[in-house]
2 protein chains.
Amino acid sequence: MSLNREIDQMPDSPEGLADYIAGKLGCPVTIEDVNHRIISYSSHETNVDDARSATIMQRKVPEHVVNGLWQAGVMGNLFESGAPVFVSPLPAIGLGDRIAISVRKNKEVLGFIWAQTKQVKMGDDEIRQLKEAASLASRHLQKQRDRKREKEENIRNFMYQLFHGTAGSRAEIEKQARKLHLSLEGSLSVAVLEFAESITPSVERHASYLTETFRRKNIISHMFENDLLLLLIHTHEDEAENVTQELLRGFRYKLEERTGVPGIDSTYGKVCTRPEDIHISYRQAQKTLELKNRYPEALAGVTTFRELGVYQFIQEISALYEQENYKNSVIEAIKAYDRSHNTSLLETLRSFLHHNSTHQAARQLHIHTNTLLYRLKRIREITGVDLEDTNQKTKLFIDLIIQG
Amino acid sequence: MSLNREIDQMPDSPEGLADYIAGKLGCPVTIEDVNHRIISYSSHETNVDDARSATIMQRKVPEHVVNGLWQAGVMGNLFESGAPVFVSPLPAIGLGDRIAISVRKNKEVLGFIWAQTKQVKMGDDEIRQLKEAASLASRHLQKQRDRKREKEENIRNFMYQLFHGTAGSRAEIEKQARKLHLSLEGSLSVAVLEFAESITPSVERHASYLTETFRRKNIISHMFENDLLLLLIHTHEDEAENVTQELLRGFRYKLEERTGVPGIDSTYGKVCTRPEDIHISYRQAQKTLELKNRYPEALAGVTTFRELGVYQFIQEISALYEQENYKNSVIEAIKAYDRSHNTSLLETLRSFLHHNSTHQAARQLHIHTNTLLYRLKRIREITGVDLEDTNQKTKLFIDLIIQG
DNA sequence: TTTTCATTTGTGTAATTACACAAACGGCGC
DNA sequence: GCGCCGTTTGTGTAATTACACAAATGAAAA
């Protein structure tokens with residue numbers, strides 16, 4: 001049987017294609033796009049394993065199965081080459097024997113064909129047929145990809161406008177959202193992810209891929225800007241803050257796991273219910289990231305703008321001080337004293353203000369509580385500052401961050 | 001003896017004039033300008049009272065004597081009319097019998113002639129002679145006033161430039177200062193005084209007059225701007241801050257006393273040693289006054305920019321918040337709770353943060369310490385805020401000032 | 001070298017704080 | 001009316017804090 005004749009016999013619709021391949025190989029077959037959504041599957045009365053049945057029921061490969069395939073290295077191989085990949089059973093994720101092949105257009109992966117090979121012998125002939133099927137499926141997936149790309153491009157343009165506050169009025173935003181079949185009801189937040197190094201094509205592929213597969217309902221869209229990955233996150237109103245936080249943490253964790261590149265920093269801005277406020281959330285997320293880079297120790301555990309506390313406006317005050325040529329004279333005096341007396345009053349003060357407790361500060365500094373008390377008294381004498389006065393104390397706390 | 005002939009006999013120099021009047025009246029005479037600096041005095045071997053001798057020695061009427069004259073209403077009368085004023089002895093300030101007359105050019109008072117009338121009988125003739133002497137002295141004082149006015153105008157122009165940072169480089173400033181015979185060595189600070197009502201000509205006269213007489217060495221110059229009185233204060237470097245504070249307090253007190261207009265608010269800015277920083281001090285003084293008007297209770301006791309504490313940048317943060325449409329969600333949540341439950345958690349929080357002590361806050365609110373503790377626990381539950389965290393606590397303290 | 005002075009640590013005490021638990025109060029809905 | 005529930009006040013306890021005072025250390029000055 002020549003190749004040409006065989007292709008001629010192949011059906012034109014993806015549904016028919018799945019059944020055709022299944023018939024040839026004598027086993028169930030599924031065709032998926034690159035994001036693991038089902039394009040078509042062969043009709044079989046019984047499903048051979050949990051992974052297949054769950055996939056068909058959800059019209060999408062379950063997340064834990066995708067994870068398992070990544071961890072087993074299967075996905076890596078499929079992305080690497082266009083050759084069929086034999087998969088040993090992975091009982092942990094309910095997956096039996098498989099043979100899989102990537103559907104490609106040139107080097108780009110458009111999707112996958114999975115064959116349930118259990119108790120079926122795969123000869124060279126069958127493998128050849130699978131490759132031919134993949135090449136045929138490419139046509140279908142190309143069309144689907146083009147449609148999707150155009151849609152995504154529209155969405156990304158819209159996102160860009162939302163992020164930069166140029167999307168117009170509430171009414172205009174809602175009209176555009178309806179047109180793109182996006183729901184902006186509920187709570188919205190912008191997340192920013194920064195990678196330790198410049199974004200490689202591989203990282204970009206993983207990020208895009210994950211955005212499509214990981215809790216798809218909550219991540220409306222993603223885009224790249226200045227080596228940052230931006231996400232528009234959508235949640236229900238109740239507990240939106242916690243859900244967003246958890247979601248982002250999970251996303252970051254998975255992304256690190258998949259790319260093998262650790263050191264991803266992620267932040268998000270205000271969780272808002274009005275889509276016209278999205279650009280504020282965007283700015284806040286950016287600012288939070290900036291500040292985390294500037295004050296890495298102090299803001300180590302911070303993820304969101306809200307958690308920045310006084311750091312929210314520390315840059316603005318710092319700029320004001322510079323402009324006014326302002327220096328906190330108390331801090332200057334303490335610094336001068338420390339230099340000339342080889343003491344560490346400033347560190348003592350910082351620790352005391354940070355903990356707001358003589359006990360804890362003394363413990364952190366490995367000194368006696370009375371020593372700390374003595375030093376505070378010394379600071380009072382040298383600078384005339386009154387640490388009982390909350391206003392002065394607060395001012396000092398902030399100025400120490402800037403000038404410390 | 002006709003008036004014309006008498007005037008012809010009067011001498012042309014102020015020194016001669018004093019002696020001439022003294023001869024006619026048969027008693028010692030001093031001629032002063034409007035700021036109580038001696039223009040001339042008659043030569044007598046013994047001075048009749050302490051006030052006269054001290055005045056001549058210092059070439060200026062001592063401050064306590066001027067004060068006494070104001071309090072006795074003498075100065076008021078002299079400014080009021082051009083008629084001679086009889087002064088009963090004021091032993092408290094070492095002053096014996098006097099007769100005084102103001103020297104005028106139209107309505108403007110240019111100076112005074114004082115005659116030591118002890119044991120001398122003043123008849124109508126002597127009084128007429130005194131009036132004529134005053135009219136003659138007017139010529140001399142007019143010249144002196146014009147010279148002084150021109151000099152003051154130059155100084156005020158210079159001050160304006162210093163205040164607004166347009167006086168050029170350090171070298172240019174010093175050159176200009178030398179030209180105007182001003183010393184800008186040591187510590188400098190700008191003070192701003194605000195009157196409860198618009199500045200009347202009377203208040204303006206008192207203010208100018210006091211600036212010239214009250215601790216003249218420390219007040220380089222004054223000017224009016226937008227109903228505010230601006231002073232350039234000069235002190236020695238050591239203890240400059242305290243001296244400035246004390247000086248301004250004394251000045252304000254005396255001005256209130258003299259004008260009889262209470263409610264003068266005064267502030268001053270950074271005490272600097274570099275004359276090119278004067279405009280910073282000016283801006284700070286203005287800002288301090290502005291803030292005192294905006295937060296009258298919180299800043300009641302504040303005189304200088306340094307004492308503002310966090311209020312130094314509260315306006316900037318407030319503007320930033322407005323621009324970012326930021327609201328502290330913790331405060332919003334507490335407000336909402338207070339409204340729907342008729343509680344006063346926000347006031348409780350404010351008091352606790354202000355005092356930074358459960359004990360004191362409870363005392364101020366007239367509640368049991370445990371009640372306060374309970375409310376704080378409630379705040380923690382409702383908002384999730386952690387008052388042990390200094391950063392969050394500080395943020396809350398500041399946001400309460402803005403949003404509270 | 002001795003002396004002096006700032007600094008550190010230790011002891012002791014009274015006030016303050018955080019916390020648990022119990023009891024009383026008072027508005028509100030059933 | 002009755003009970004529910006949030007609030008307030010009171011009692012008791014252990015930890016923390018502020019402060020005074022004494023003693024030891026150690027480095028710089030005399």
Any salt bridge between [X] and [Y], counting N to O under 4.0 Å?
| X | Y | result |
| --- | --- | --- |
| B/Lys335 | B/Asp338 | no |
| B/Lys287 | B/Glu316 | yes |
| B/Arg350 | B/Glu347 | yes |

>> Once you apply a heavy-atom cut-off of 4.0 Å, does A/Thr369 come out as touching a base, just sugar-phosphate, or nothing?
In response: nothing
> Using a cut-off of 4.0 Å on non-hydrogen atoms, how would the nucleic acid contact of A/Thr371 be classed: base, sugar-phosphate, or nothing?
Replying inline: base
Rounded to whole angstroms, how far apart are [atom1] on [X] and [atom2] on [N]?
| X | N | atom1 | atom2 | value |
| --- | --- | --- | --- | --- |
| A/Ile382 | C/dA6 | CD1 | P | 11 Å |
| A/Asn342 | D/dT25 | CG | P | 21 Å |
| B/Asp338 | D/dG6 | CG | P | 16 Å |
| B/Gln360 | D/dT17 | CD | P | 16 Å |
| A/Leu365 | C/dT9 | CG | P | 11 Å |
| A/His341 | D/dG26 | NE2 | C1' | 15 Å |
| A/His368 | D/dT25 | NE2 | P | 15 Å |
| A/His359 | D/dT16 | NE2 | C1' | 7 Å |

> Going by atom types alone, do B/Glu290 and B/Asn293 pair a side-chain donor with an acceptor below 3.5 Å?
Replying inline: no
> Which heavy-atom pair separates A/Ala285 from A/Gly269 by the least distance, and what is that distance?
Replying inline: CB-N, 3.6 Å
> Do the side chain of B/Asn370 and the base of D/dT11 come within less than 3.5 angstrom through a donor-acceptor pair of N or O atoms?
Replying inline: yes
To the side chain of [X], which of [options] is closest?
| X | options | result |
| --- | --- | --- |
| A/Leu373 | D/dA18, C/dT7, C/dT17 | D/dA18 |
| B/Thr343 | C/dA18, C/dT7, D/dT7 | D/dT7 |
| A/Arg378 | C/dT7, D/dG10, D/dT7 | C/dT7 |
| A/Ile367 | C/dC19, C/dT9, C/dA6 | C/dT9 |

Taking only side-chain nitrogens and oxygens of [X], does any of them come within less than 4.0 Å of OP1 or OP2 of [N]?
| X | N | answer |
| --- | --- | --- |
| A/Arg375 | C/dT8 | yes |
| A/Tyr337 | C/dT7 | yes |
| A/Ser357 | D/dT17 | yes |
| B/Tyr374 | D/dT7 | yes |

